[in-house]
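Here is the structure we will look at.
Throughout, a chain's letter reflects where its sequence line sits, starting with A, and its residues are numbered from 1. Hydrogens, waters and symmetry mates play no part in the numbers below; they use all other heavy atoms, side chains included.
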Protein chains: 2
Amino acid sequence: MSHIARIYTPEPLVEGQEISLPAGQSRYLTRVMRLETGATVRVFNGAHGEWRCSLAGSPKSVVLVPQDQTRMQVSGPDLTLLFAPIKKARTDFIVEKATELGVRSIQPVFTDYCQTHRVRVDRFESLAIEAAEQTERMDVPSVHEARALPKVLSEWESNRPLIFCDESAEASPMETYSKQLHEKPAAILIGPEGGFSPKEREMLRSLDFVMPITLGPRILRAETAVVSALTLWQSLVGDWQKAPYLPESK
Amino acid sequence: MSHIARIYTPEPLVEGQEISLPAGQSRYLTRVMRLETGATVRVFNGAHGEWRCSLAGSPKSVVLVPQDQTRMQVSGPDLTLLFAPIKKARTDFIVEKATELGVRSIQPVFTDYCQTHRVRVDRFESLAIEAAEQTERMDVPSVHEARALPKVLSEWESNRPLIFCDESAEASPMETYSKQLHEKPAAILIGPEGGFSPKEREMLRSLDFVMPITLGPRILRAETAVVSALTLWQSLVGDWQKAPYLPESK
């Protein structure tokens, strides 16, 4: 069933209650996927599970009619990614990968060495939606407006450990913190190319909720560090022991 | 010291023995990095450690003169990546990330669902060199000519476990195999978009040296699966407990 087109909608999913799609999604289903009236589309909205819908309306203004719920709503673990914006293609990649790897929210942060201050939240949201559709998750991570790192840290909820990927030699592997991370919300902070400034590193290391970790002996690009750190967390205390979200083939 | 330009050369590194650079590297050092005669460049060749060299020659034909060895030669663990070629940008990304994550060799494999049969080994080699320069590793992974998966499997050295990332639900997390993977050469196999054919999966699962693993409940794109699987291996039995390769600042 995973080859059936799958899209996200912000609308409620209720049996028989029509959903009018915007032009972009209409075009995608009729032009790219070449679906015609009566075709089946899988739809999720982050709240009401996944529904099998049938396609109606016109090619430019598709209407979807929910038929039956095929999957229950589930949500991944409470994990936030904080990252410093870098070059465009690589930042896009970070948003896509964070979505695939199951983060619940994405918070861009401005740091001393960050490479750009242009952050388009609407673009990140589109990328997150597209990645969520592809990766079979049942929700879309929320993307927050970019904020300065010190501001974010000053308002931190102290029961949420912040895993800080430090390129210096004095950090421990993530598994050192297994116990403290077990069954807790968490966040992972990845710096820009060039890492964090001495001032930032000092500040981070002075905070009780910060856990500095190492990502091995080679220097990783920021987007690689994102995937590696999220992988380690999901594997250590996240949902990687669970069965796939994929629906039964039918 | 990591901000000093760092390049790979296939030439021997011997004190005082000049190395003539090809046009591309000459241009990189003089035009992009804007280095002038007498500037310091870090150079490695995968055999003789890293050397501090001084720049001479002309802007279009740079000569480097090795001054002193600043790092000993080390090599990462014996890990091979097998992957099925996908779309160009994402394949490039796989080669770059595999290099950052310390694989020793890269073997493209043709599978039933692979998306392209055009594989340019010379391009992969350039990408691997560039990534090795950036990631501070002391060698460059070898890139092999693409081969058909059954052919590769038929000539497999049986003492090298092949970790097979299977999207089906019946696989175990990688840590299940910690003992069998400990202090052994290994290889990781990542399929194309759409995964492996039923025939391929049956063949893979029938082989003693194959260890099917899961990469969590969401569907990962091929390039994400590469980074995740290599991260787990490096973290579990690879070199991620070691101190960085970075030279001392001096």
Once you round to the nearest 0.5 Å, how far does CZ of R6(B) lie from CD1 of I219(A)? 9.5 Å

Would you please go through residues 90-101 of chain B and name the residues with a non-hydrogen atom below 4.5 Å from one of chain A, in numerical order? R90(B), F93(B), E96(B), K97(B), T99(B), E100(B), L101(B)

With sequence neighbours excluded, what pairs up with H182(B) under the ring-ring contact (aromatic ring centres under 6.0 Å, His included) test? none

Heavy-atom contacts under 4.5 Å, residues 227-235 of chain B to chain A: V227(B), S228(B), T231(B), L232(B), Q234(B), S235(B)

Just by distance, do the side chain of T135(A) and the backbone of R218(B) share a donor-acceptor pair under 3.5 Å? no

Quick check: closest heavy atoms across W240(A) and P217(B), and the distance to 0.1 Å? CD1-CD, 3.7 Å

So for Q134(B), is it side chain, backbone, both, or neither that comes closer than 4.5 Å to the heavy atoms of chain A? both

Please enumerate all residues that pass ring-ring contact (aromatic ring centres under 6.0 Å, His included) together with F110(A), with sequence neighbours excluded. H117(A)

Answer yes or no: does atom CZ of R104(B) have more than 12 heavy-atom neighbours from other residues, nucleotides or ligands under 6.0 Å? yes

R31(B) atom CZ: more than 12 heavy-atom contacts under 6.0 Å: no

